[in-house]
*Asks:* 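Sharing a structure here in structure tokens format.
Here is how names work: the chains are called A, B, and so on, in the same order as the sequence lines, proteins then strands, and each is numbered from 1.
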Amino acid sequence: MANQTTPAKTAITPRRDEDFPEWYQQVIRAAEMAEPSDVRGCMVIRPWGYGIWENMQHQLDAMFRATGHRNAYFPLFIPLSYMAKEAAHVEGFAKECAVVTHSRLEVDAEGKLVPASPLTEPLVIRPTSETIIGASYAKWVQSYRDLPILINQWCNVVRWEMRPRIFLRTTEFLWQEGHTVHETEEEARAETKQMLDVYETFVRDHLAIPVFSGEKSESERFPGAVQTLCLEAMVQDRKAIQAGTSHFLGQNFARASGIQFHSRAGTQEFGWTTSWGMSTRLIGTVIMAHADDDGLVLPPRIAPTHVVILPITPKEETRAQVLAAADKLAGELRALNFFGAPIEVEVDRRDLGGGLKNWEWIKKGVPLRVELGPRDLESGNVAVSRRDQPVKAKELVPMAELAGRAVALLESIQENLLARAKQLRDKHTRVIDSKEEFYRFFTPENSAKPEIHGGFALAHWNGTGEVEEQIKKDLKVTIRCIPFDDSQNPPEPGVCPFSGQPSARRVVWAKSY
RNA sequence: CGGGGUGUAGCUUAGCUUGGUAGAGCGCCUGGUUUGGGACCAGGAGGUCGCAGGUUCAAAUCCUGUCACCCCGACCA
């Protein structure tokens, strides 16, 4: 009996329903995506995690280019005085800025390295780049003919967070920030909405995560913005997570940075600016949206490897044959195009137990696993397992047909993950009209160790910050977004259950990350 | 930054109340047996018990401080 080595029921312990935050960390570790570093709040992104990020980057970048944007790069350091230019902006970020105050190290009398040469003006490490990019734009913009300016930058930013969590909230993180200047308010507003739509398409079609899109209430708005648009996704513990934001900045930052131009009418006008961003946090969102108790589950479109071929070589005499067949199959698959790029195939020829190898790839979330052994050579079949299906499930596919079906299989997984996520979200999105029901919805039965509960509540709201504040205080629930008025979410006047006052439309309430 | 908890080998941990020179499982290395499923046998490497003080003949164990991490709050992509 092999009692001691009996496999755990699930590859990840604890399970999601036992301890969701701990499960999340274990998935990241088991998939070798990232790990904590010696620097507090900062993470090391390992190749598997970084490969996912690179795919996200390339795909979004293509979408930015297609909408007329170009990449550029601005400094990491922002002069302290720049930060002070926009009042609300300073207030929003001051508490989480890392500040560089010295320019060299010296050995002191005790032989210890100490900072020396204080800077005349301290430099802030960018928490975001509105101010320093604004300074450049102020120089570049003279006339309406210079507009619009449509620039994006991929970079790291630093926000000194109190409670870091890998991918979700780290002190340093990677992101993309778009910064645009427009001649008119309408144009800038259209840009803000357009980029939100780009994000929504990306998150839904590439990451297989459905979202609510809408506007933030005043209390949740980006510091200095006139309007903040957002996407809100539901993950498997039914909390909301923001999956991208787009800000209409009005003329606030243009005034602060002096972005002015001669208009068609010959007058001097301030530009209308926008900014929009998404970050490595989306990797955490993908994990929490799709991963299961056996590890990561990757939407094929962002998987660093789409197909892993597992050669089974029980007998030395058939080994070479099996490996050759595996390589041949890999070659056929690599010639295929999935979603604009070659299918990424890995042949795992490591001399490990078959089960061990298999589990590694399950934990990494590779969409398709293909087992190929001597018996398959004879029968002409391979066993194909989909990561969106139970681990033991496999389908025998004639080897000659696999290449013909691979793309469809990947597409099917992609669709299934989206459908599954949508189902989860819809199941836990509830229209609520009474305060009692609302409070019940968001209150766990076991307060000592809260079980997974709640979800999204669609409830009326009188539009005041007081109601928001009260509910946040009572339940830790906030307005995640005020949906746009469109055919999908038509406005529906009603009564705010918290104040009894009239409400123009339902808004989305949830606990959030 | 407040409240709670935890720090012992790469990971999970026993030992701590009742001080007496550090134990296990997984993983790792070597050899062998295996091989359609997270294999088995034998041997082996790996720990200044988070760190710094203190009490003591003696500290993983008691005391003080400190750091890190986790959970809950305040803040946020």
Side-chain angles (χ1 to χ4, degrees), chain A residues 1-11 13-14 19-22 24-26 29-30 35-41 91-96 127-128 156-177 199 216 219-223 228 230-232 241-247 275-285 294-295 310-316 318-319 322 351-363 369 371-377 379 381-383 385 391-392 394 396 447-450 472-473 476 478 512-513:
Chain A
M1 289 296 283
N3 284 336
Q4 309 249 312
T5 54
T6 299
K9 255 191 190 146
T10 56
T13 8
D19 186 344
F20 196 83
E22 182 60 24
Y24 171 79
Q25 310 216 105
Q26 293 305 328
R29 190 161 67 177
E35 60 193 28
S37 77
D38 291 342
V39 184
R40 188 194 139 77
E91 206 191 316
F93 285 108
K95 284 164 291 181
E96 48 191 56
T128 179
N156 57 343
V157 286
V158 167
R159 295 181 188 176
W160 213 265
E161 295 292 346
M162 300 174 201
R163 264 183 67 190
R165 254 183 110 190
I166 224 159
F167 287 127
L168 296 178
R169 195 193 295 108
T170 46
T171 298
E172 178 190 14
F173 58 95
L174 306 183
W175 80 345
Q176 141 291 300
E177 49 180 326
Y199 288 144
K216 282 293 188 197
S219 63
E220 300 268 331
R221 209 174 278 159
F222 176 77
T228 288
C230 64
L231 303 178
E232 293 287 329
I241 185 164
Q242 185 167 300
T245 47
S246 186
H247 314 290
S275 69
W276 26 275
M278 67 116 242
S279 71
T280 36
R281 188 182 219 199
L282 266 190
I283 298 175
T285 306
D294 290 315
L310 299 159
I312 296 153
T313 55
K315 297 185 190 100
E316 198 49 49
T318 50
R319 187 185 171 81
V322 170
D351 191 18
L352 289 176
L356 197 62
K357 275 201 273 195
N358 200 11
W359 278 102
E360 270 186 34
W361 294 107
I362 290 167
K363 288 186 281 194
R369 306 188 304 282
E371 299 173 3
L372 198 172
R375 275 195 250 144
D376 302 312
L377 289 184
S379 70
N381 289 323
V382 289
S385 302
V391 162
K392 294 260 165 66
K394 39 178 118 166
L396 288 178
S447 58
K449 192 178 185 305
K472 184 172 182 181
K473 198 168 140 260
K476 292 170 234 157
T478 50
S512 76
Y513 277 95

*Asks:* Taking pairing as Watson-Crick or G-U wobble with both contacts under 3.5 Å, can you name the mate of B:A24, or confirm there isn't one?
*Replies:* B:U12
*Asks:* Counting only heavy atoms not in A:Trp160 (residues, nucleotides, ligands), do more than 12 fall under 6.0 Å from its CH2?
*Replies:* no
*Asks:* Pick base, sugar-phosphate or nothing for A:Leu356, based on heavy-atom distances below 4.0 Å to the nucleic acid.
*Replies:* sugar-phosphate
*Asks:* With P as the reference atom in both, quote the distance from B:U61 to B:G65 in angstrom, rounded to an integer.
*Replies:* 16 Å
*Asks:* Need to verify one output field. Residue with the more 5' nearest nucleotide on RNA chain B, A:Lys473 or A:Ala383?
*Replies:* A:Ala383
*Asks:* Say you pick atom P in B:C1 and the same atom in B:C57; how far apart are they, in whole Å?
*Replies:* 39 Å
*Asks:* Given the P atoms of B:G46 and B:C72, what is the spacing between them in whole Å?
*Replies:* 40 Å
*Asks:* I'd like to know if the side chain of A:Asp294 and the backbone of A:Ala11 have a donor-acceptor N/O pair within less than 3.5 Å.
*Replies:* yes
*Asks:* For the C1' atoms, the ones on B:G32 and on B:C70, what distance do you get once it is rounded to whole angstrom?
*Replies:* 44 Å
*Asks:* Are more than 12 heavy atoms, taken from residues, nucleotides or ligands other than A:Glu35, located less than 6.0 Å from that residue's CD atom?
*Replies:* yes
*Asks:* What's the verdict on side-chain contact (heavy atoms from CB on, under 4.5 Å) for A:Glu22 and A:Gln26, showing C-alpha distance, side-chain angles and the deciding distance?
*Replies:* CA-CA 6 Å; A:Glu22 182 60 24; A:Gln26 293 305 328; 2.7 Å; yes
*Asks:* Under 3.5 Å, is there a donor on one side chain and an acceptor on the other for A:His247 and A:Thr228?
*Replies:* yes
*Asks:* Expressed in angstrom and rounded to an integer, what is the separation of A:Trp359 atom CH2 from B:G27 atom P?
*Replies:* 15 Å
*Asks:* Looking at B:C71, B:G36, B:A77, which one has an atom nearest to any side-chain atom of A:Gln242?
*Replies:* B:A77
*Asks:* How far does the P atom of B:A60 sit from the matching atom of B:G54, given to the nearest Å?
*Replies:* 15 Å
*Asks:* I want to verify a distance call: between B:G38, B:G36, B:U35, whose nearest atom is closest to the A:Lys363 side chain?
*Replies:* B:G38
*Asks:* Is the base of B:A77 stacked against the aromatic ring of A:Phe173, taking ring centres under 5.5 Å apart and planes under 30° as the test?
*Replies:* yes
*Asks:* Expressed as a whole number of angstroms, how long is the span from A:Glu96:CD to B:A74:C1'?
*Replies:* 13 Å
*Asks:* If we only count heavy atoms from C-beta on, is the A:Val157 to A:Trp175 side-chain gap below 4.5 Å?
*Replies:* yes
*Asks:* Report the base-pairing partner of B:A60 (Watson-Crick or G-U wobble, both distances below 3.5 angstrom), or none.
*Replies:* none
*Asks:* Measure from the side-chain heavy atoms of A:Arg29 and tell me the nearest of B:U12, B:A77, B:G36.
*Replies:* B:U12
*Asks:* Report yes if a side-chain nitrogen or oxygen of A:Lys472 is closer than 4.0 Å to either non-bridging phosphate oxygen (OP1 or OP2) of B:G73; otherwise report no.
*Replies:* no
*Asks:* Could you give the distance separating B:U35 and B:C71 at their C1' atoms, to the nearest angstrom?
*Replies:* 44 Å
*Asks:* I want to verify a distance call: between B:C75, B:G73, B:C71, whose nearest atom is closest to the A:Lys476 side chain?
*Replies:* B:G73
*Asks:* Give one of base, sugar-phosphate or nothing for A:Thr245, where a contact means two heavy atoms less than 4.0 Å apart.
*Replies:* nothing
*Asks:* Please determine, for B:A68, whether a Watson-Crick or G-U wobble partner exists with both distances under 3.5 Å, and give it or none.
*Replies:* B:U6
*Asks:* Distance check needed: B:C72 C1' versus A:Asp19 CG, whole Å only.
*Replies:* 13 Å
*Asks:* Confirm from the modelled atom types if A:Arg169 and B:C76 form a donor-acceptor pair under 3.5 Å, side chain to base only.
*Replies:* yes
*Asks:* Given the P atoms of B:C62 and B:U17, what is the spacing between them in whole Å?
*Replies:* 5 Å
*Asks:* Go ahead and name the base partner of B:U55; Watson-Crick or wobble counts if both distances stay under 3.5 Å, otherwise write none.
*Replies:* none
*Asks:* Nearest whole angstrom, please: distance from the C1' of B:A77 to the CD of A:Glu220.
*Replies:* 12 Å
*Asks:* Hey, does A:Pro36 reach any base, or is it just sugar-phosphate, or nothing, if we go heavy atoms under 4.0 Å?
*Replies:* nothing
*Asks:* Given that A:Gly41 and A:Trp175 both sit by RNA chain B, which one's nearest nucleotide is further toward the 5' end?
*Replies:* A:Gly41
*Asks:* For B:A74, give its Watson-Crick or G-U wobble partner with both distances under 3.5 Å, or none.
*Replies:* none
*Asks:* Got a salt bridge between A:Glu232 and A:Lys216, using NZ or NE/NH1/NH2 to carboxylate O under 4.0 Å?
*Replies:* yes
*Asks:* Whole angstroms only, please: what is the CZ-P distance between A:Arg159 and B:A74?
*Replies:* 20 Å
*Asks:* Starting from C1' on B:C76, measure out to CZ on A:Phe93 and report it in whole angstrom.
*Replies:* 9 Å
*Asks:* Identify whether any heavy atom of A:Leu168 sits under 4.0 Å from a base atom; if not, whether one sits that close to sugar-phosphate; answer base, sugar-phosphate or nothing.
*Replies:* base
*Asks:* Using whole Å, report how far NZ of A:Lys357 lies from P of B:A39.
*Replies:* 12 Å
*Asks:* At 4.0 Å (heavy atoms only), tell me whether A:Gly277 reaches a base, stays on the sugar-phosphate, or touches nothing.
*Replies:* nothing
*Asks:* With rounding to the closest Å, how many angstrom separate the P atoms on B:U34 and B:U13?
*Replies:* 37 Å
*Asks:* So which nucleotide from B:A77, B:G38, B:U12 ends up closest to the side chain of A:Thr170?
*Replies:* B:A77
*Asks:* Using a 3.5 Å distance criterion without hydrogens, assess whether the side chain of A:Tyr199 forms a donor-acceptor pair with backbone atoms of A:Gly277.
*Replies:* yes
*Asks:* Mind calculating the distance between CZ (A:Phe222) and P (B:C75) to the nearest angstrom?
*Replies:* 18 Å
*Asks:* Applying the Watson-Crick and G-U wobble criteria at under 3.5 Å, what pairs with B:C40? Answer none if nothing qualifies.
*Replies:* B:G32
